[in-house]
Amino acid sequence: MTRDPEDPGGSDAPSSFLTHPEHLFPRLTAHEISRLRCFGILRHWAAGEMMIKAGRSDVNMFVIVSGAVSMMSGDRLRGSHPVAELHAGNFTGEIGQLSGRHLALVDAVAIEPVDAIEMRPEQVRTLINAVPELGERILHALILRRIRAMEIGMGPVLIGHSQNQRLRELRGFLTRNAHPYSVLEMDTDREAQVIVDQFGMTTDELPVAICPNGTILRAPTDAQLAAALGFLSDLDTSCVYDVAIVGAGPAGLAAAVYAASEGLSVLVLECSAPGGQAGASAKIENYLGFPTGVTGQALAGRAYTQAIKFGAHIAIPVQATALHCAERPYSLETRGGTAVRARTIVIASGAIYRRPAIAGLDEFEGRGVYYWASPIEARMCVGADVAVVGGGNSAGQAIVYLASHAARVHVLIRKDNFETTMSRYLIDRIAGLANVVTHPRTEIECLEGDDGGLTSAVLTTPLDNGSARLDVRYVFLFTGAEPNTEWLRTCRVELNAQRFVLTGAAVPGSQPAAADATAVNLMTSVEGVFAIGDVRAGSTKRVAAAVGEGAAVVAQIHQLLASAGIDSSVIGLRA
Ligand SMILES: Cc1cc2nc3c(=O)[nH]c(=O)nc-3n(C[C@H](O)[C@H](O)[C@H](O)COP(=O)(O)OP(=O)(O)OC[C@H]3O[C@@H](n4cnc5c(N)ncnc54)[C@H](O)[C@@H]3O)c2cc1C
């Protein structure tokens with residue numbers, strides 16, 4: 001059994017802390033229970049009654065007032081086992097509880113007559129925000145339980161061959177979305193073959209996902225898996241949101257946190273997973289407040305939870321395919337055909353890796369060629385020689401990270417050195433790594449391989465040993481990024497020649513910024529449509545800059561809504 005214990009809430013806490021019953025299952029005092037009575041309703045269960053069934057989506061949180069509840073893993077495939085016993089003052093739930101868009105991971109059965117306060121997800125959010133000292137303890141426990149669920153591999157079971165690209169993509173999708181799961185690999189787990197035979201699955205149907213509610217998905221897409229796990233909910237087409245944000249990278253998540261915390265109704269559409277490019281970063285060391293660095297995923301996990309806590313609706317995986325701004329409220333079309341409406345739009349769709357002109361690239365993407373280096377890729381490279389292409393900061397981070405897994409890291413750069421392209425701290429770090437070899441003025445011309453995937457890269461210039469062939473099974477490309485603006489072709493939002501979005505004084509025909517202007521104007525050529533982060537022409541391509549623009553744009557949205565006479569107190573009303 002292989003597990004991927006990633007960190008959804010961004011906790012750096014050691015495992016013993018995570019598993020400590022006091023933190024995982026805190027007990028509220030009688031006084032605290034009485035304070036939260038008004039946030040839910042008191043209900044009674046007889047001994048033996050099921051309170052929560054694993055795999056159900058309509059799950060509320062229960063604060064136990066009296067009696068005892070047994071929590072079981074709810075694993076229909078390999079047999080259920082006890083997880084915990086809860087008594088007066090304990091409460092059920094995990095972090096998915098906050099959004100209400102998840103399937104229960106456990107069964108809960110009353111083992112004595114039980115009285116408990118039942119709270120719907122929006123009531124839990126209200127409680128967390130209204131009674132912060134109590135809310136903090138509850139939120140902390142919910143995050144730790146998600147981490148624990150990931151550690152022990154609750155949730156869906158993926159079955160497939162370890163080298164299968166779709167299996168790797170599904171693992172990546174669940175990991176980046178901090179959803180617990182476990183994997184049975186056909187190559188090494190005997191149990192995998194037994195299950196495949198038992199359900200009469202054929203090799204073409206692999207990988208399969210067996211969901212907690214018993215649903216079996218054969219070679220599913222990310223969206224099919226998300227829908228079966230309950231975290232892809234239906235979009236509310238009757239609601240006119242104050243703000244619709246496209247993209248849940250650092251910029252979009254920051255805008256969601258600030259907008260939702262200031263009372264605006266917020267919808268975020270994200271086509272992949274929270275965190276964007278930053279989510280792919282093995283370690284961000286220059287973001288304020290994290291002296292020992294933070295993984296992009298941990299940062300994204302925290303920001304996602306924060307946005308949900310304040311009531312933002314984050315739809316994943318949902319891709320915006322077109323923006324229509326001929327009429328107000330504006331309308332966003334999504335893949336699948338649903339359209340959502342909003343008074344203002346924030347373009348936070350960032351950028352995506354550039355695909356250099358290398359012969360054979362298409363053939364080996366996902367079979368030896370990768371555009372990021374997450375723990376999943378790092379595990380494959382243990383003891384192998386790998387190549388990293390690129391001399392920027394993202395390449396630098398990948399070099400440092402991969403060097404601790406691979407036998408040797410070959411770095412291919414066009415320039416003579418990293419001096420003008422990489423931060424000093426990364427240059428110094430790389431200089432201290434004995435297994436990193438840098439090849440200046442070297443590019444890949446074509447890739448070669450066999451049935452198993454990539455075997456070598458043919459270079460434009462021979463290496464010091466005279467060979468123009470690098471025998472590597474793994475090549476990581478960090479060759480810059482292009483803006484995700486394809487979906488803006490249906491509206492009048494002006495782009496520059498490189499297709500980044502123009503804002504403020506950069507928009508043709510706009511007034512130059514006033515001398516006393518205190519903030520960058522983030523409005524595009526269309527009133528009420530804003531752009532922030534990497535997608536914006538002229539922005540600083542850094543996490544902190546994207547987060548800063550996410551905060552700044554909310555002030556500009558408030559100003560616009562106020563000048564249009566829209567009262568923030570009537571926000572989120574249905575049309
Ligand atoms: C490997 C790597 C390491 C990095 N390390 C650092 C670092 O250490 N420090 C630092 O300051 N910066 C770092 N950066 C840069 C930093 O990550 C970016 O500047 C930052 O992520 C930009 O944030 P953003 O929200 O503007 O865009 P992005 O992070 O690009 O996020 C955009 C989001 O929009 C989504 N999206 C795109 N199109 C659509 C659509 N049509 N519909 C729905 N969703 C859509 C994408 O899936 C993505 O999640 C790194 C970048 C990379 C690639």
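When a ligand or atom number is given, it counts from 1 through the structure's own listing order. Every value quoted in this text rests on a predicted model; they were computed, and no experiment measured them. We're numbering straight along the sequence, starting at 1.
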Quick one: which of Asp534, Val535, Val294 has a heavy atom closest to atom 19 (O) of ligand 1? Asp534
Is there a polar contact, in the sense of an N or O pair closer than 3.5 Å, between Val246 and ligand 1? no
Apply side-chain hydrogen bond (donor to acceptor under 3.5 Å, both in side chains) to residues His405 and Glu377 and explain how you reach the verdict. CA-CA 10 Å; His405 295 78; Glu377 286 75 32; over 6 Å; no
Side chain, backbone, both or neither: which part of Asn286 comes within less than 4.0 Å of ligand 1 when only heavy atoms are counted? side chain
Tyr370: which of Tyr353, Phe476, Phe364 passes ring-ring contact (aromatic ring centres under 6.0 Å, His included): Phe476
Answer with side chain, backbone, both or neither: which part of Ala481 has a heavy atom less than 4.0 angstrom from an atom of ligand 1? neither
Can you find an N/O atom of Gln277 closer than 3.5 Å to an N/O atom of ligand 1? yes
Full working for side-chain hydrogen bond (donor to acceptor under 3.5 Å, both in side chains) between Glu333 and His324: CA-CA 8 Å; Glu333 225 173 281; His324 299 287; 2.6 Å; yes
Under the side chain to side chain donor-acceptor pair (under 3.5 Å) test, which residues partner Ser456, sequence neighbours left out? Glu448
Looking only at N/O atoms, are Ala546 and ligand 1 under 3.5 Å apart anywhere? no
Identify, for atom 49 (O) of ligand 1, the protein heavy atom at the shortest distance, and state residue, atom and that distance. Glu270 OE1, 2.7 Å
Is the shortest distance from a Lys or Arg side-chain nitrogen in Glu151 or Arg146 to a carboxylate oxygen in the other one below 4.0 Å? no
Does a side-chain N-to-carboxylate-O contact under 4.0 Å join Glu169 and Arg176? no
How close does the nearest protein non-hydrogen atom get to atom 13 (C) of ligand 1, and which residue and atom is it? Val543 CG2, 4.1 Å
Electrostatic pair Arg341:Asp236 at N-O distance under 4.0 angstrom: no
Considering only protein heavy atoms, which is closest to atom 37 (C) of ligand 1, and at what distance to one decimal place? Ser349 O, 3.2 Å
Closest protein heavy atom to atom 52 (C) of ligand 1, given as residue, atom name and distance to 0.1 Å: Ser394 CB, 3.7 Å
Hey, which atoms in ligand 1 end up nearer than 4.0 Å to a heavy atom of Gly533? 26 (O)
Atoms of ligand 1 less than 4.0 Å from Ala273 heavy atoms? 49 (O)
Establish whether atom 6 (C) of ligand 1 and some protein heavy atom are separated by less than 4.0 angstrom. yes
Within the 4.0 Å heavy-atom cut-off, what Ala348 brings close to ligand 1 is backbone
Would you kindly specify which portion of Gln397 sits under 4.0 Å from ligand 1, judged on non-hydrogen atoms: side chain, backbone, both or neither? side chain
Is any side-chain heavy atom of Ile444 less than 4.5 Å from a side-chain heavy atom of Thr460? no
Exercise check, heavy-atom protein proximity under 4.0 Å to atom 9 (N) of ligand 1: yes
So which protein heavy atom does atom 23 (O) of ligand 1 come closest to, and at what separation? Pro250 CD, 3.3 Å
Could you pull out all donor-acceptor pairs under 3.5 Å where a side-chain atom in residues 538-547 meets a protein atom, sequence neighbours excluded?
| unit_1 | atom_1 | unit_2 | atom_2 | d |
| --- | --- | --- | --- | --- |
| Ser539 | OG | Gly533 | O | 2.8 |
| Ser539 | OG | Arg536 | O | 3.1 |
| Ser539 | OG | Lys541 | NZ | 2.8 |
| Lys541 | NZ | Asp534 | O | 3.2 |
| Lys541 | NZ | Arg536 | O | 3.0 |
| Lys541 | NZ | Ser539 | O | 3.3 |

Those atoms of ligand 1 less than 4.0 Å from some heavy atom in Val318: 43 (C)
Identity and separation of the nearest protein heavy atom to atom 45 (C) of ligand 1: Cys271 SG, 3.5 Å
Relative to ligand 1, is Ala351 under 4.0 angstrom through side chain, backbone, both or neither, heavy atoms considered? backbone
Judging by distance only, is a nitrogen or oxygen of Ile532 under 3.5 angstrom from one on ligand 1? no
Taking Gly96's backbone N and O only, do any of them form a donor-acceptor pair with Glu94's side chain (distance below 3.5 Å, no angle check)? yes
Derivation of the side-chain hydrogen bond (donor to acceptor under 3.5 Å, both in side chains) call for Ser394 and Gln397: CA-CA 5 Å; Ser394 50; Gln397 287 176 1; over 6 Å; no
Of all the atoms in ligand 1, which lie at a distance below 4.0 Å from a heavy atom belonging to Ile284? 7 (C), 8 (O), 9 (N)
Taking the side chain as C-beta and beyond, is there a heavy-atom pair between Pro356 and Val389 under 4.5 Å? no
Looking at Asn393 and Met422, would you say the former's side chain and the latter's main chain have a donor-acceptor pair under 3.5 Å? no
I want to check something: taking the side chain as every heavy atom from C-beta on, are Asp362 and Arg355 in contact at a cut-off of under 4.5 Å? yes
Near Asn484 (heavy-atom distance under 4.0 Å), the atoms of ligand 1 are 37 (C), 38 (N)
With heavy atoms of Trp487 as the reference, note each atom of ligand 1 found under 4.0 Å away. 41 (N)
Distance from atom 34 (O) of ligand 1 to nearest protein heavy atom, with residue and atom: Gly247 CA, 3.2 Å
Tell me which protein heavy atom sits closest to atom 25 (O) of ligand 1, plus the residue, atom name and distance to 0.1 Å. Ala251 N, 2.9 Å
Is there a donor-acceptor pair closer than 3.5 Å between any side-chain N or O of Glu262 and the backbone N or O of Ala259? no
Within a strict 4.5 Å, meaning less than it, do heavy atoms of the Tyr304 and Ile314 side chains meet? yes
In terms of atom number and element, which parts of ligand 1 are under 4.0 angstrom from non-hydrogen atoms of Gly276? 29 (O), 31 (O), 48 (C), 49 (O)
